[in-house]
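Because the structure is predicted, anything quoted here is derived from the model rather than measured. Numbers restart at 1 for each chain; the letters A, B, ... are given by sequence-line order, proteins then strands.
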2 protein chains.
Amino acid sequence: MSSKKDIDNNFAAIEPGERRGAPGLSDIARLTGVSKMTVSRVLRGGTGFSEETAQRVLSEARRLGYVPSRLASAFAADRASTLVGVCVPRLTSGLFGNVLDGLDRALSRLGFQMMIGCSNHSQPEEEEWVRHIVSWRPAGVILAGRSHSIGTVQMLSTSGIPVVEMWDLTTSPIDLSVGFSHYDCGVEMARFALQKGRRRAAYLGAHSRSDVMGQSRLEGFAAALEEAGHPLVETEILEDAPSFYAGFYGLEILLARQPALDLVYFHNDEMAIGGLAFCQSRGLRVPEDIGIVGWGGMEAASILPKRLTTTVVPTTGLGKQAAQALVARIRGEPTRRVIAVRTKLIEGETI
Amino acid sequence: MSSKKDIDNNFAAIEPGERRGAPGLSDIARLTGVSKMTVSRVLRGGTGFSEETAQRVLSEARRLGYVPSRLASAFAADRASTLVGVCVPRLTSGLFGNVLDGLDRALSRLGFQMMIGCSNHSQPEEEEWVRHIVSWRPAGVILAGRSHSIGTVQMLSTSGIPVVEMWDLTTSPIDLSVGFSHYDCGVEMARFALQKGRRRAAYLGAHSRSDVMGQSRLEGFAAALEEAGHPLVETEILEDAPSFYAGFYGLEILLARQPALDLVYFHNDEMAIGGLAFCQSRGLRVPEDIGIVGWGGMEAASILPKRLTTTVVPTTGLGKQAAQALVARIRGEPTRRVIAVRTKLIEGETI
DNA sequence: TGCACTTACGTTACCGGTAAACCTAACTTG
DNA sequence: CAAGTTAGGTTTACCGGTAACGTAAGTGCA
């Protein structure tokens, strides 16, 4: 048929002398008059060739601008041995930005590349991403959080790919876990507040989608206060993103209900800074009239005129540790399954 | 030799009956009694097979938990047709976090995966990353910024990979450019300030490494003021990271040198917020005594008690547009080489 | 009845690099 | 001087999926 012929003609339109793609080992081999295998050995720094051959090969490779196809070598090895998949709940979070930075620094130094995905706090989206990444046969995978869909866990377990679950700690990881305990953060902050003489504390949270981690902090905070005989006076969980603005108006709500508070523990630093702004707008003195404490260690929180009391999460360090644990696992070195990183309570000027 | 024998024994330690890796097309083919090719056709939704065969293949694929190897298909096609490389100067920047978010949403919806790198504002590091990504033969590459090393430009040009340079606009891109003009941002802010009656403006910058973009804003700002007959009164570029703290103490320096300013244009919103904090600490009224304007559209800037006047950069939208332009290019659809996105001057309450 | 056409497959070759096996000539060494 | 060793290679097979092409059985129609 004529249509078929036309199509054939179109595909035949490649110029005979023209280079079709990137130069490969065989191009170098042909031009230097040795075999592909010798070229491969020279370029990977092996043995079994003369100095002269090596020079010819290297100069020809340079001249052609040869870049090896990782696709081919990964394929040959049946796994993309320098690829690590990383999935975080949000790309816009300052905290996760730092975690990614730590991961990137550590992984790229160790010769790995990151393929990044974002779950938007959604398990189905995470599972979708895991399916994609598994199809790339990566050397390892890093997931944020410890709760995943059944499909996610199954795919990762059966594939045999090393996995690190990071951020909040789990004692029964798919493979490895690197993180810290949100519950303990809450406990530590409660004890610190008590030590500072606070007796009427409230908690102001906000839950965006499935962020259950704030909940653990609240539980730890409440339990420690309870134990000391000064239970939590008030709790409010806003149906909103945990932003500056939520902290501002949330504190207004909280104080309207219960004016006699001497401390508010916020979901995070952004909300706490919002709370500070609210206090300022109402002439409430911090820390004299009310104490404000946050969580997370936002950079801005440490350089405010009045430094915020908060729990600093070692984000960059966490990324680094997660990367190191994963790489150790990939290399088959012995690794602890659960690695706890230390958060640090920073005493600012708001309590 | 005995050592060789030992090694052989170690490598022979794989159990005969055990699965060595992930199941492939040939496993499904063997188990259903058809050829690899038929399985491939069924799984990719082609034609040329019976309904009954399709069902057998599909159920067997499900049973085995088959995940196709993108490594193999990408390799066969001689390019990783669903892989896009993205390199940003910093992973910890709020602005770039949003750009990445926009990119990720658009790219994943279109069926692409992102491989991310970070140049740390360093051209050698960027070049290093480009070498890595080119070795993956990606469908496209997105770089932040418009100035790159010669090696970077050469590798990308000769590889024929579609490239988008995003963030600041260039009229002579390697391939495509999506961004906005920092110079125009400066001009626009100057005109706005003049319209608001400001006559004695200063600029406070900070240069971290090779961030030359702030420089363009300063140039546009200064030129527009000059043209109107009210030239820039004072300029200070701090040798520091452009942070909240730099804004705070930088303004102090500026006012010590030149107390009679009625406007300060800051490198970015973080610095501007620092400047606001300084004014507050000194009892300077904003905007009555002095106007404070920033750049970038930090989220926190819009929810401060006193909304900051600033230029909002459509970060997420920029990512989306960059992704769409790149994908259009990859698909061979006609595309404009230079796509300008609009920044927006937001009139807050600080001028 | 015979020939074209369709359906439902199967076969082969190939992508680029690498492991493993093999080869050959020169050089040792007992 | 034969046997062994080494340097410096080459050849072959393979990774898993896909394009291109081949083919046998069935189907429709003049």
Measure the distance from [atom1] on [X] to [atom2] on [N] and round it to the nearest whole Å.
X	N	atom1	atom2	answer
A:R70	C:dC15	CZ	C1'	18 Å
B:L25	C:dG10	CG	P	13 Å
B:F75	D:dC15	CZ	P	13 Å
B:I28	C:dG10	CD1	P	14 Å
A:L71	D:dG17	CG	P	14 Å

Worksheet, complete the sentence: Walking DNA chain C from its 5' end, the first of B:A72 and B:G33 to be reached, judged by nearest nucleotide, is B:G33
If only side-chain N and O atoms of [X] are considered, is one of them under 4.0 Å from the OP1 or OP2 phosphate oxygen of [N]?
X	N	result
A:S35	D:dT10	yes
B:R44	D:dA19	yes
A:Y66	C:dG16	no
B:T38	C:dG10	yes

Discussion item. I'd like to check the side chain to side chain contact (heavy atoms under 4.5 Å, CB included) partners of A:S157; sequence neighbours left out, ordered by chain and number.
Written reply: A:V153, A:I174
Worksheet item: What residues, two or more places apart in sequence or in another chain, satisfy side chain to side chain contact (heavy atoms under 4.5 Å, CB included) together with B:E51?
Response: B:Q55
Discussion item. Going by ring pair (Phe, Tyr, Trp, His ring centres under 6.0 Å), name the residues that satisfy it together with A:F96, two or more places apart in sequence or in a different chain.
Written reply: A:W167
Practice prompt. Sort and list the pairs that fulfil salt bridge (Lys or Arg N to Asp or Glu O under 4.0 Å) and have at least one residue in residues 328-339 of chain B, not counting sequence neighbours.
Written response: B:D175-B:R329
Worksheet item: What salt bridge (Lys or Arg N to Asp or Glu O under 4.0 Å) pairs are there with at least one residue in residues 153-166 of chain A, not counting sequence neighbours?
Response: none
Practice prompt. Please lay out, stage by stage, how A:V178 and A:Q324 fare under the test side-chain contact (heavy atoms from CB on, under 4.5 Å).
Written response: CA-CA 10 Å; A:V178 177; A:Q324 286 170 347; over 6 Å; no
Between protein and nucleotides 21-24 of chain C, what N or O pairs are separated by less than 3.5 Å?
none

All N/O contacts under 3.5 Å from nucleotides 22-25 of chain D to the protein, with atom names and distances to one decimal?
none

Worksheet item: Contacts to DNA chain C from residues 48-59 of chain B, heavy-atom cutoff under 4.0 Å, which residues?
Response: B:G48, B:F49, B:S50, B:T53
Fill in: Partner residues of A:R109 under the salt bridge (charged side-chain N to carboxylate O under 4.0 Å, His left out) criterion, sequence neighbours left out
none
Item to complete: Specify the angle, to 10°, made by the local axes at the two ends of the helix from C:dT1-D:dA30 to C:dG30-D:dC1 when five pairs are taken at each end.
Response: 50°
Fill in: Pairs where residues 21-68 of chain A contributes a residue and the test ring pair (Phe, Tyr, Trp, His ring centres under 6.0 Å) is met, not counting sequence neighbours
none
Worksheet item: Hey, are the side chains of B:V327 and B:L107 touching, using non-hydrogen atoms and a 4.5 Å cut-off?
Response: yes
Discussion item. Would you say that B:V130 contacts B:L156 through its side chain, given a criterion of any heavy-atom pair below 4.5 Å between the two side chains?
Written reply: yes
Table please: side-chain donor-acceptor pairs of residues 131-144 of chain A below 3.5 Å, with sequence neighbours left out.
unit_1	atom_1	unit_2	atom_2	d
A:R131	NH2	A:E127	OE2	3.2
A:H132	ND1	B:R70	NH2	3.4
A:H132	ND1	B:Q113	NE2	3.0
A:S135	OG	A:H132	O	2.6
A:S135	OG	B:R70	NE	2.8
A:W136	NE1	B:Q113	OE1	3.1
A:R137	NE	A:V134	O	3.2
A:R137	NH2	B:V67	O	2.2
A:R137	NH2	B:P68	O	3.4

Worksheet item: Between the base of C:dG10 and the side chain of B:K36, is there any donor-acceptor pair under 3.5 Å?
Response: no
Worksheet item: How far apart are the closest heavy atoms of A:K36 and A:A29, and which atoms are they?
Response: N-CB, 3.6 Å
Discussion item. Before you tell me yes or no, could you show the steps for B:I28 and B:L43 under side-chain contact (heavy atoms from CB on, under 4.5 Å), namely the whole-Å CA-CA distance, both residues' side-chain angles and the distance that decides it to 0.1 Å?
Written reply: CA-CA 11 Å; B:I28 301 174; B:L43 292 176; 4.2 Å; yes
Item to complete: Would you please test A:H121 and A:R90 for side-chain contact (heavy atoms from CB on, under 4.5 Å) and show each step?
Response: CA-CA 7 Å; A:H121 283 289; A:R90 275 176 298 169; 3.4 Å; yes
Discussion item. Taking any heavy-atom pair under 4.0 Å as a contact, classify A:S73: base, sugar-phosphate, or nothing.
Written reply: sugar-phosphate
